[in-house]
Amino acid sequence: DTAVSQTPKYLVTQMGNDKSIKCEQNLGHDTMYWYKQDSKKFLKIMFSYNNKELIINETVPNRFSPKSPDKAHLNLHINSLELGDSAVYFCASSQVRDPGTENIQYFGAGTRLSVL
Amino acid sequence: EDQVTQSPEALRLQEGESSSLNCSYTVSGLRGLFWYRQDPGKGPEFLFTLYSAGEEKEKERLKATLTKKESFLHITAPKPEDSATYLCAVQARHGAGTALIFGKGTTLSVSS
């Protein structure tokens with residue numbers, strides 16, 4: 001049973017389209033994240049939610065909008081897709097968000113987005 | 001600014017040839033240094049967390065160590081199945097929470 005699952009695994013779409021990526025975790029964690037891994041394999045934080053509350057919002061275009069219907073789900077919606085959005089998007093989850101405590105993050109398998 | 005630098009970018013080893021991967025970091029108040037393994041087409045898989053200088057952790061052929069400025073991942077007598085990209089990250093405060101700041105990784109290839 002997959003701990004952090006993302007769908008779809010692959011997403012190929014045209015410029016200007018709107019698309020969503022879904023993430024679900026069954027670990028009972030209270031914090032979830034979206035990371036972007038570019039073509040150079042560099043992983044960078046985009047957003048984080050704790051119990052449905054947005055707590056990290058990095059400098060990303062406002063075409064990207066995360067939504068957390070409950071603490072087990074975190075979706076990523078992208079409007080007006082651009083060529084530069086092509087990347088692998090990873091969802092992750094962890095148990096705590098207190099900066100002073102352990103924060104092991106568990107990652108999904110990733111969604112490879114290709115914008116043509 | 002919190003930063004993580006890994007070296008080398010790529011490392012080729014023969015089976016059984018031990019070596020070390022380096023991760024140097026600058027962070028305002030280390031709350032944890034993490035090592036992950038990433039296989040092609042998969043998400044990062046957690047290996048170790050280190051919290052204080054002098055700390056060491058081991059798992060099979062891997063051993064992670066930590067100083068005040070860097071961490072090493074020592075690989076003893078590697079096997080082809082150890083081939084992967086190894087990512088180092090530090091836990092840093094971000095907004096109202098924390099996030100992992102990753103290095104660019106070291107891609108290890110072990111040939112038999």
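Convention: sequence-line order gives letters A, B, ...; per-chain numbering from 1. Note that these values count all heavy atoms, side chains included, but never hydrogens, waters or copies made by symmetry.
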**Student:** Residue by residue, scan residues 105-116 of chain A and write down, ordered by number, those that have a heavy-atom distance under 4.5 Å to chain B; if none do, write 'none'.
**Tutor:**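 So far as heavy atoms go, A:Q105, A:F107, A:G108, A:A109 are the residues that approach chain B to under 4.5 Å.
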**Student:** As an exercise, state the distance from OH of B:Y36 to CD1 of A:I104, rounded to the nearest 0.5 Å.
**Tutor:** 7.0 Å
**Student:** Could you tell me the separation between the NZ atom of B:K42 and the CZ atom of A:F90, rounded to the nearest 0.5 Å?
**Tutor:** 11.5 Å
**Student:** Taking NZ in A:K52 as the centre, count heavy atoms belonging to other residues, nucleotides or ligands within less than 6.0 Å. Is the count above 12?
**Tutor:** no
**Student:** If you count the non-hydrogen atoms of other residues, nucleotides and ligands that lie under 6.0 Å from CD in B:E1, is the total more than 12?
**Tutor:** no
**Student:** What are the two closest heavy atoms between A:I56 and B:T98, and how far apart are they?
**Tutor:**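 Closest approach of A:I56 to B:T98: CD1-O, 3.3 Å.
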**Student:** Answer whether the closest heavy-atom distance between the side chains of B:L100 and A:Y35 falls below 4.5 Å.
**Tutor:**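 Yes, at least one pair of side-chain atoms sits under 4.5 Å.
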**Student:** Check whether more than 12 heavy atoms from other residues, nucleotides or ligands sit under 6.0 Å from atom CZ of B:R12, and answer yes or no.
**Tutor:**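 No, the 6.0 Å shell around CZ holds no more than 12 heavy atoms from other groups.
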**Student:** Report the option among A:K44, A:K40, A:K41, A:Q37 that has the most heavy-atom pairs separated by less than 4.5 Å from atoms of chain B.
**Tutor:**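 The candidate making the most pairs under 4.5 Å is A:Q37.
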**Student:** Using a cut-off of under 4.5 Å for heavy-atom pairs, which of B:P44, B:A99, B:A92 has the most such pairs with chain A?
**Tutor:**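 Option with the greatest count: B:P44.
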**Student:** Is the count of non-hydrogen atoms from other residues, nucleotides or ligands lying under 6.0 Å from B:E9 atom CD greater than 12?
**Tutor:**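 Atom CD in B:E9 is not packed in, count stays at 12 or less.
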**Student:** Sub-4.5 Å heavy-atom contacts with chain A: which residues of residues 103-112 of chain B show up?
**Tutor:**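 At a heavy-atom separation under 4.5 Å, chain A is reached by B:G103, B:K104.
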**Student:** So what's closer than 4.5 Å to chain A heavy atoms on B:E45: side chain, backbone, both or neither?
**Tutor:**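 Neither; nothing under 4.5 Å.
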**Student:** State yes or no: do A:L43 and A:F64 share one hydrophobic cluster built from I, L, V, M, F, W and Y residues joined by side-chain heavy-atom distances below 4.5 Å, directly or via other members?
**Tutor:** no
